[in-house]
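Proteins come first, then strands; the chains are lettered A, B, ... in the order of their sequence lines, and each starts at number 1.
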Amino acid sequence: MPTFELTPAMMREIIMDHYSSPRHKISPDGEGYFSTHSSSVNCIDDIDVYLKFDGEGKVEDACWNGTACAISTASSDIICDLVLGKTEEEAHYLIDQYHKMMREEPYDSSVLEEALAFMNTGKQAARIHCATIGWDAIEQLLKEHHHE
Amino acid sequence: MFDVSKVRDDFPMLRSGKKMQGHPLVYLDNASTTFKPDCVIDAMNRYYQDETSNSHRGDYDLCFAADKHIEGARRTLASFLGAEENEIVFTSGATDGMNLVAYGYGLKFLKPGDEIVLSHAEHASTMLPWFRIAELTGAKVVFIPLKDKQITVEALSSVLSERTKIVSFAHVGNVLGYVAPIKEIAKLVHEHHALLVVDGAQSVPHMKIDVKDLDCDFLSFSGHKLCGPTGTGVLYGKYALLDAMDPFETGGGMNVKFFPDATATFLPPPMKFEAGTLNIAGIYGLEAAVNYLLSIGMENIEAHERDLKKYAVERLEKTGKVTLYNADAPTGIVTFNVDGVFAQDEATLLNSKGIACRSGQHCAKMLPEDLGTVATVRASFYLYTTREDIDALVDAIEQGGDFLDAYF
């Protein structure tokens, strides 16, 4: 459970903030990025997700770009924020906790930071895939390229 | 006209007091699928509870009864469309019928350089079978320019040539609900010695159709969009064309004989296209659905929906916060966006208030370009939709609030 009391107002603010001014919504032109495309049959979401490692097993940069609703925009932007500087293991742990939160199972809230704003997504079950589309893409990139 | 409240009593989904997200259900997604009246469910149950047997497969009374029922259903569907019995092929739905024409006719007769004419407004079930046939035969897909988001005879004549072999459009578009002038289109297409394949998924459930009057060559639609069971549908085709084309699927029930030299002979249409065991219970239900609609009257259903459409447009325009994409389309589909809110987010907010609308591109993934938006919210009506349903939608939009309310 959250280590501090996150009010609904704060959660709304976090989502709106990342929706209206996403920090990581960019297609990188530099080298060394791995990317994957992710789209949804249920929603309009159609995004590319990019990940770059620093050569010592940590995430150096993460970003995404494409068409997405508020929930997928904010959630994709937040995962890009959260994986920065993390090792593959730390990133997997973080993503795992997020998925547990989505499934309404017990989870370690201490690593989720702003992603806790999505703790109510289960109330709109049809939108869970919007809240996870960017996270799933990052997880896939981590798995595919962790030795590179 | 008819009494909508009486009609609603015929539908278990409507009279049960069903709720969604704690609110009474307001179902405005009838272009996707429709609710089933008791008579449809009863007809299907009758097959399962009292008349189960395989059609065309036995010599006993039960089987004879099932056979008789299927052939009766074929007559009902033929008369519903103004077709002959042997021009009615039972399918699993509109998509199945479109694929049957594409693979059965297109694959057999199209040659490199031939042209297939489509529009940007078409549903994936029209687009993709023809994309595939173009790839397989070397034919080319050509798009007509939409004029004011609509298909016009003028735009069509600008692309028709001696290379045109197939023209395929929806009778009523599933996103915008405009009615294509099929009769005039058919005349023009035939002057160019091409064939007109019509997607009737959004027209057959909502208006009186006479295929002979329209003079289309093929028309495909789904049962589940006209109060019938899912997994049912009909392909109408002119008999000579059905006779000329190949079966899409082969197997039991459609062959006459097969031989050691690996050849086979097939039954005549429509049986030639009905390989394997039919969706017999579904066909019982489909016939019941058509009889139900006929008992209310297709003209009455059409008038009711057009009235609802006008009412919805009036009310939505008054809110001053909605962009409408098809205010002038007559049929019961309203496509819109609430200004400043992404379509999916609006649909989620509506869900939180018990209102079922669809958002996105509605399977017509090339249309957004013509609309100038990536996604829309679509509310679609049917015979059981009321002005109160539309009030609920408009009230929800007027109350507005933050679309994130759905989550908190």
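In summary, R378(B) and D29(B) engage in a salt bridge, as defined by a charged side-chain N under 4.0 Å from a carboxylate O. Salt bridge status for D405(B) with K353(B): absent, with no side-chain N to carboxylate O gap under 4.0 Å.
Annotation: F11(B) is not in aromatic contact with F35(B) [ring centroid separation under 6.0 Å not met].
Only the backbone of A117(A) comes within less than 4.5 Å of a heavy atom of chain B; no side-chain atom from C-beta onward does. For a residue to count as touching a neighbouring chain, one of its non-hydrogen atoms must lie under 4.5 Å from one of that chain's; by this rule Y19(A) touches chain B with the side chain only.
Across K52(A), H145(A), E144(A), a single residue satisfies side chain to side chain contact (heavy atoms under 4.5 Å, CB included) together with F34(A), and that is H145(A).
Per-residue heavy-atom pair counts under 4.5 Å with chain B were compared for K123(A), R12(A), M16(A), and the maximum is reached by R12(A). Ranked by heavy-atom pairs under 4.5 Å with chain A, the first of N351(B), D402(B), T348(B), V341(B) is T348(B).
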